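Down below is the structure, laid out as structure tokens.
Predicted model, so just to flag it, every value in this text is computed and none were measured. Start at 1 and go down the list; that is how both ligands and their atoms are numbered.
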Amino acid sequence: MADMHTVTSEVPVDAVDRTALDEVVEFTSGLIRIDTTNRGGGDCRERPAAEYAAERLAAAGLEPVLLERTPGRTNVVARVEGADPTAEALLVHGHLDVVPAEAADWSADPFSGEVRDGVVWGRGAVDMKNTDAMVLAVVRAWARAGVKPRRDIVVAFTADEEDSAVDGSGFLADRHPHLFEGCTEGIGESGAFTVHTAPGRALYPIAAGERGTAWLKLTAHGTAGHGSKPNKANAVSRLAAAVARIGAHEWPVRLTGTVVACLTELAALQGLPVDPRAPGFDLDALLGRLGPAAALVEATVRNSANPTMLSAGYKLNVIPGQATAYVDGRTLPGGEAEFIATLDELTGPDVRWEFQHREIALEAPVDGRTYRILRESVEHFDPDAHVVPFCMAGGTDAKQFSRLGITGYGFSPLKLPPGFDYWSLFHGVDERVPVDALHFGVRVLDRALRTL
Ligand SMILES: [Zn+2]
């Protein structure tokens, strides 16, 4: 508790000035105008965005380094010196690439970075050039004000998050671990944005976990032959049966620590005292009563496996000797062993399966100092905020950095007005962010990053 008192009484002076508020908008627009579309398979070029960020870090007196595994796929890393040399370092990371945008579907040019009626438009406005811009604006404000964060802060802007991370955080973790020396915790993508679940109720979910990735390839072998003849070893039938079993499987509920904490807080907000750990706890009944807030946990109460691609055959009257399918699987923290055993059972003896891509699940503590400071930083600037922890259904760069012993939180603060559906804008059409939301984010990040 002594620690708690020290922190609360040491609230830093607000370093955010008018310039920082202007710059976060300018940088969000500027980064959106640099097209860093990641089409997968190596088709992306982050270099101009990385140079844009590096120039702005250098102008603040930092010494950014540009790092590439593949030419054009550029990452930027810089270290901000902290006031306490004995403190462990903190990583703050954001990716520079974006998913593709079909301009014809949009109400604005997705790469214009246009600011219209107090809103910045374009691909990356929420995922996640906005956050990159906030981090740039914050560290430059520190330089102007001559203030230091408590801990050393390593700023990393990464390539390739929207594909495999092989040219981005994976490469940095494998080949440049020394740049992250001393980092024990990381602040990254997704979290601390407003989710309006009822009139007057603003939730701010902070990500304290991620499901793992288990992308699978299924292969069935059989006897090739004429389509008019009996065939007891038809690869297509074998594969189809396995895929149908996987699709129909009802995965058992497994509540992780983060999800239990989330459910408990959401229930308490609605005056429903529940103990998700108690015998006979009825999850479906609670989800039904939580309304829209149930979306924060629905995807993370169990493992999942969704068939997504099928391929077999080359002529209607020829039975092929082989058939393949792909399944998008996601595993809970601690859930991978059960996932593997279940897949063995569901695929059966006639279908082989293997990992096409495999990433671990993550879970971060929500009862310690770090989570508390993140929560307080949001509450400080939005006294009506209800901060709750949540587990992400998918994954981020935090998975790669976790290999360096870095515990990750998703924290990209934005205060959004009612009716603004942040989740639908993620990879969505007409991605945009209000200027006010960026200003809120800069203030919250400044406070959180300096206090942590
Ligand atoms: Zn993203």
Worked verdict on Leu96 versus Tyr52 for side chain to side chain contact (heavy atoms under 4.5 Å, CB included): CA-CA 11 Å; Leu96 295 168; Tyr52 181 98; over 6 Å; no
Short N/O/S contact of Asp127 with the Zn ion (ligand 1) (below 2.8 Å): yes
Between Arg443 and Asp14, does the salt bridge (Lys or Arg N to Asp or Glu O under 4.0 Å) criterion hold? Intermediate values first, please. CA-CA 8 Å; Arg443 293 188 191 285; Asp14 190 351; 3.3 Å; yes
Let me see the working for Arg151 and Glu185 under salt bridge (Lys or Arg N to Asp or Glu O under 4.0 Å), right down to the final yes or no. CA-CA 11 Å; Arg151 303 157 75 162; Glu185 293 175 319; 3.0 Å; yes
Nearest 0.5 angstrom please: Leu31 CG to Thr131 OG1, how far? 11.0 Å
Considering only N, O or S atoms, which atom of Glu189 is nearest to the Zn ion (ligand 1)? OE2
Starting from the Zn ion (ligand 1), look over the N/O/S atoms of His95 and name the nearest one. NE2
